[in-house]
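All remarks here apply to the structure that follows.
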Amino acid sequence: MAVSSRLRALLSVLPALLLAVSGLLSPLVSPAHIKKAMEEAAPAESYSRYYHYPELTELLRSLTEHHPGLARLSSLGQSVKGRELWALRLTADPELAPADRPQFKYVGNMHGDEAVSRQVLIYLTQHLLGGYGTDPRITRLLNNTDIYIVPSLNPDGFEVAQEGDCHGSKQSRENANEIDLNRSFPDQFNKGGSPDGKQVPEVVAMMKWIRANRFVLSGNLHGGTVVASYPYDDSDLHQEVGLYSKSADDKVFQYLARAYASNHPIMKTGHPSCKDDPSEAFPDGITNGAKWYDVPGGMQDYNYIWGNCFEVTFELSCCKYPMASELRDEWENNRESLIKFMEMVHIGAKGYVRDSVSQKGLENATISVAGIEHNITAGILGNFQRLLAPGKYNITAIATGYEPLTISDVEVIEGPATVLDFLLHPTVSVAVSDDPQQTTSSPRSATELSVPEKTGNVPPHHQPTQPQDFRHHHYPDMEIFLRRYNNEYPNITHLYSVGKSVDSRELYVMEISDNPGVHEPGEPEFKYIGNMHGNEVVGRELLLNLIEYLCKNYGTDPEITQLVDSTRIHIMPSMNPDGYEKSQEGDRDGVLGRNNSNNYDLNRNFPDQFFQITDPPQPETLAVMSWLKTYPFVLSANLHGGSLVVNYPYDDDEKGVSMYSKSPDDALFQQLALSYSKENNKMFSGSPCEDIYPNEKFLNGITNGANWYNVPGGMQDWNYLKTNCFELTIELGCVKYPMAEDLPAYWESNHRSLIEFIKQVHKGIKGFVLDATDKSSILNATISVADINHQVTSDKAGDYWRLLVPGQYKVTASARGYIPVTKRVNVTEGDATVVNFTLARSGTNVHKEEGGKVSMVEPEMLDPDTKEFEKLIKDLSDENGMAQLLMSSFDDIRLSRYRPYNDLSQSLRGLNLNYPSITNLASLGQSLEYRQIWSLEISNKPNCSEPEEPKIRFVAGIHGNAPVGTELLLTFAEYLCLNYRKNSAITKLIDRTRIVIVPLVNPDGRELAKEKDCTSNVGQNNANGKDLDADFISNSSGPVGEREKETNAIIEGLILKQDFTLSVVLDGGSVLVTYPFDNPVHTVEHKETLRHLATVYATNHPSIHLGHPGCPNKSEENIPGGVISGAEWRGHQGSMKDFSVTYGHCPEITVYTSCCLFPSSGLLPHLWEENKKALISMLVEVHKGVRGIVKAENGKPVPKATIILNEDVRVFTKEGGYFHILLAPGFHNINAIAEGYQEQRTQVLVRHDAASPIQIIFNMDNRIFGLPRELVVTVAGATLSALLLTACIIWCVCSISSNRHKDGFHRLRQHNEDYEDEIRLMSTGSKKSLLSSEFQDETDTEEETLYTSKH
């Protein structure tokens, strides 16, 4: 009794005591005290030694680990000798840093023997991290600036440099290939190709990093004197010394350079007093780079011209590699300057450029300052930071589709930037009415339109780079030219062939676009075709010139950059390469080489609307027709020679005589023709070839084709009648094959016309045609315009383009199975009016409901990003979609050897370190021999729960003797990381998918297996000799301890989490795909879906789908479609596949990648190429099926609801009520069950190219025990009342007699309490003993204890 009373008393005051103690201790354990204690515990910097590569790496990793809220470590790439080029990002809350926080960078040790920079950047990093939270200036800097520090760009050179060497050496200055990194960047005055990644990987890595970010300001730290050097670093004359090369921002650069120099005790004097040149002087401690000495290929000029970033070079010390004892002084000399220069990133003018209607930021809007011929572009939020020296400026914001806006007399003062906000008004018109009653107004004929005077569309202060390659290119020369530009400009070009000529020459096409190889929904496609007649060569050469012009000016000329960013341009220089090779230079008006090698005129070989073409279709014609059916071309020109005029449809008429043959779009064709001719003065004059054809006149340089002369079987009419493409024929000159020296004049006359004509693709109207039910795109919807008898159709993304002259129109969108929609549209002279159509189905909704109790609706209106992603999935599901993705992705990964366990671990760690923002590396557990079973997650938010996103896992190495899958998954992981933020499609897939890669389940077996053992079982099993793929026994078959450690790691770490949508396992021993079940006696549910998933992989593999593995031991084996159930192929029990489906509710397929279990490493590149497309296809497939959300009537999500498919397969809703199920295309029944709610039933149609989104709304269940709720409540109430009345009567009767025994009951209760206390104490001891015993039993062995601790 006493014990329990004291215990109760103590418990009653314990909370108060704890509260009081915590109040007393709180000042002693505040964050500031903890931070101070940590700093005191850390070893202090001695400033007395240099950090070599291993120490530098360890230090940077340590700083990152100790400051997770401020630091992130990544690598730009590797040096020649494989050392990481570390970059440390320093900013408050790096994962949450806003996109408009300005980016700053310091780069050190570019020359390996200039070592001071490397050390002061280390000290600066420590200073910033140590001062955050205590030093207000540093705290403010890290809160408002995104700082990146690269201590060493040339770690190889540093490792061979010698401490105390003040002059340096070539070997240590340059990289390991003996190339000076600061002479290797692209240079504005030296027109060369891109740097060679094998020779200067450091430069290539830096260039990619600069282009991938939006740095505002940068410092490049060197050594050898003490001065701040600013652009330009060289000049077009390359005078060795003394020539001031002034940039457009010379005033700003001087201001920035002085900010550093004026805070450096030696630099500010202007007299470094270096021993080698004691008289050297720099006024104010700064100098123009080229005036000091000419440096072609320098990094600071590259930053300014190509990187949107202002960079200054700082020489920090007279001695390049002083003794370590001098490092403290060097740090003290530079500390204030380093911080002050970082603060300069906040000067000038800053703000946002936004749409005045939607308030959305306008990314890539141009910021122009009057009098300064250098523009910058806005960031992703429309944010900009324009560095300027103090003064007054007129600043203009420009964005495509918007009216420019200038803010005048902007005053920039010392200190923080002046804040400006630009609200730009759209110039694009919108549909003004849905009223279908008003008819289309009659557009004016283009010949009646006034032709404005040429205003010179090139910006007045910018002179684009002109082509230099003026010569006649025969086929081999042309081929080399095209490959060269494709190689030099891979980010904007894609070279392909549409077929072959009669003589087997390729019909090459160069695509130029900001996303080459991919049709971007909403972006129009344009084409030029040249040299259709082999002896008409000017078009061929002009198109090669145009390729050069577009490539060289992209990124520097605003007009060309905008054109390439907004248009997919296809250029075919020669449609008749065979005829060209027969032609002769100087041919004025001949026919030699005009026809193809079969002697047919290709421009008389197309099907014709008026006449039957009897000539056999030629290979060139057929190839082009197929090409035009493949791409959604909107506008085109066919370039010829022999006159000087633009010719528009029709080219012939039904009578076959020369007379005006008017097409329904005659006014439009005249406008398009004028857009070309008015930019060519001689053409526009209308009297082109007076010496040859004195009587030939063309008003304004244009003509109707048939009115000039009749051409049956022409290509331009076929384009118009059989595709969505409007094509003109342009005659470029009176001489068909002019001399080479005349080619520059042709370019001068035509290059503005060529550009202006491409721009016409953005006229008229454009938009999307979507399904009103699920907002999916409608392919082949018809767009018709009242009073114009010519329709166009929508492409696979639902996007369409309809060229029109200015005017008012009634436009109708219709599609089979849908109700047509008509809108009244106003088309202006500006960019295309956006007119989107949403069509309702004319039939029954595909979501069939039972009894009206299920609310099957489209979820909340999809945001633009989600719509764009759904279109991507649709595109990638198209026949050519995956091929286009592969062509546009980066895949310079060399598989040359197998990686044993240690190398595999290092590879995974390397991916995690290099791509920390999208990867998370974790261990699922250990093997019997204590090797980690690694799991790498790739996602835009790794290790974060995102229940609305599908989750897919790729697993390999369950059999250690089949390591091909392991190498494929390691390569796949690197491929995804390399292409993140580089390839649009892969970036979006990673952003929308949680990808988990487990490359090696059986690391112990892998260590035993031997290369080239094709059939050996050595290494197949784990260290206990157990086949892990027979170890996934069910939960009911025995204790978990009976399973192998590797098996339990997979089960607990992956399968039983039940949050995966799909699993793909790679194994070896054949070339096929199996689907569940492996157990021969198991009933296969939803077989169609499982087989469908396996088929997706097989059809994206070049040989699996053929169904003939061709393995030596089973050469006659035939697997239809390359897909078979596991039980039919090699049935067995306890497989991972079966366990995944049964207990993880996740479908799993197994891919057998090669007949040989452990083939030669030389075959790995081939195997990667075979499986790459198929692996990516599974990332696409995981986004199909049915995705939905389950909610209650009040809108609250219902997690853990049961979703039953086709009466047999069950899945459960996740947090937030989300579910995602993969199903074969077709109709499927869905039941939804949740406790307390009425069961809901529906039927849904699953498409092959997109997920079917549904929403299920649960109603409360009003039935209890199968009876109506009202009846049950009434009966229960009556019953309860009767029970209460009975209880009251009994209590009254009993209470009368209870007083007689009161004393007796009291005594009994007193004795009973003592007894209960004794029992309570005994029970407590027994429980302790029992717990101890149970704990002892569960940790019998050291091995099991270790395993338990890992989880």
Side-chain angles (χ1 to χ4, degrees), residues 950-956 958-959 962 965 968 998 1001 1028-1030 1032 1034 1050 1054-1055 1058 1060-1101 1103-1109 1117-1154 1171 1173-1175 1177-1186 1205-1206 1208-1211 1220-1226 1228 1246 1248:
K951 190 174 181 182
I952 183 172
R953 66 176 181 259
F954 294 91
V955 182
I958 193 168
H959 294 135
L968 293 181
V998 181
V1001 177
L1028 296 180
D1029 200 38
F1032 287 80
S1034 67
I1050 298 299
L1054 295 178
I1055 297 176
Q1058 297 185 350
F1060 284 94
T1061 311
L1062 176 61
S1063 175
V1064 180
V1065 179
L1066 304 188
D1067 206 342
S1070 190
V1071 184
L1072 51 85
V1073 186
T1074 65
Y1075 57 89
F1077 284 83
D1078 286 323
N1079 188 342
V1081 298
H1082 201 293
T1083 302
V1084 181
E1085 300 163 341
H1086 64 301
K1087 179 177 179 178
E1088 287 186 4
T1089 294
L1090 296 171
R1091 182 176 178 84
H1092 168 73
L1093 294 172
T1095 302
V1096 171
Y1097 196 102
T1099 54
N1100 283 282
H1101 188 284
S1103 59
I1104 288 180
H1105 72 279
L1106 300 176
H1108 301 287
E1117 188 175 33
N1118 180 36
I1119 309 292
V1123 170
I1124 190 171
S1125 74
E1128 291 180 76
W1129 190 53
R1130 293 177 183 172
H1132 64 284
Q1133 296 183 348
S1135 75
M1136 180 165 63
K1137 183 191 294 121
D1138 293 2
F1139 194 96
S1140 175
V1141 175
T1142 305
Y1143 298 102
H1145 306 293
C1146 172
E1148 181 171 292
I1149 62 172
T1150 303
V1151 179
Y1152 294 85
T1153 58
S1154 66
N1171 287 275
K1173 179 182 175 184
L1175 288 168
S1177 73
M1178 304 315 291
L1179 293 183
V1180 176
E1181 191 65 26
V1182 79
H1183 287 278
K1184 299 180 185 177
V1186 176
L1205 306 169
N1206 302 322
D1208 53 21
V1209 179
R1210 294 171 181 259
V1211 298
H1220 193 140
I1221 314 159
L1222 298 182
L1223 294 168
H1228 295 269
V1246 174
H1248 76 283

Leu968 vs Thr1153 side-chain heavy atoms within contact, under 4.5 Å:
yes
Min side-chain heavy-atom separation Thr1142-Phe1077 under 4.5 Å:
yes
Is any side-chain heavy atom of Met1178 closer than 4.5 Å to one of Leu1062?
yes
Mind checking the CZ-CD1 spacing from Arg1130 to Ile1124? Nearest 0.5 Å is all I need.
10.5 Å
Does the His1108 side chain pair with the main chain of Ile1104, one donor and one acceptor, at a distance under 3.5 Å?
no
Value rounded to 0.5 Å, distance of CD1 in Ile1149 from CG in Leu1066:
9.0 Å
Does a side-chain heavy-atom distance below 4.5 Å link Val1001 with Ile1050?
yes
Exam field: side chain His959 to backbone Ala962, donor-acceptor pair closer than 3.5 Å:
no
Test side chain to side chain contact (heavy atoms under 4.5 Å, CB included), reference Pro1147, set Val1064, Ile1221, Leu1223, Leu1090, output is Leu1090
Please check: side-chain N/O of His1132 versus main-chain N/O of Asp1029, any donor-acceptor pairing under 3.5 Å?
yes
Under 6.0 Å between the ring centres of Trp1129 and Tyr1075?
no
Is the closest side-chain heavy-atom distance between Arg1091 and Val1123 below 4.5 Å?
yes
Is the closest side-chain heavy-atom distance between Val1071 and Ser1103 below 4.5 Å?
yes
side-chain hydrogen bond (donor to acceptor under 3.5 Å, both in side chains) for His1105 and Asn1100? Distances and angles first, verdict last.
CA-CA 8 Å; His1105 72 279; Asn1100 283 282; over 6 Å; no
Of Thr1150, Ile1055, Leu1054, Val1141, the one forming a side chain to side chain contact (heavy atoms under 4.5 Å, CB included) with Met1136 is Ile1055
Atom CG of Leu1179 and atom CD of Glu1181: how far apart are they, to the nearest 0.5 Å?
11.0 Å
Side chain to side chain contact (heavy atoms under 4.5 Å, CB included) evaluation trace for Phe954 with Val998
CA-CA 6 Å; Phe954 294 91; Val998 181; over 6 Å; no
What's the spacing between Glu1088 CD and Leu1093 CG if we round to 0.5 Å?
12.0 Å
Would you find a donor on one side and an acceptor on the other, under 3.5 Å apart, between the side chain of Asn1079 and the backbone of Gly1134?
no
I'd like to check Asn1171 versus Lys1173 (side-chain heavy atoms, cut-off strictly below 4.5 Å). Are they in contact?
no
Of all heavy-atom pairs linking Pro1080 and Ala1127, the shortest is CA-CB, 3.7 Å
Check for a donor-acceptor pair, side chain of Thr1061 on one end and backbone N or O of Val1182 on the other, with a separation under 3.5 Å.
no
Separation of Ile958 CD1 from Ser1135 OG (nearest 0.5 Å)
8.5 Å
Can you name the one residue among Lys951, Arg953, Lys1137 that meets side chain to side chain donor-acceptor pair (under 3.5 Å) with Ser1063?
Arg953
Ser1125 to Pro1076 - nearest heavy-atom pair and separation
CB-O, 4.5 Å
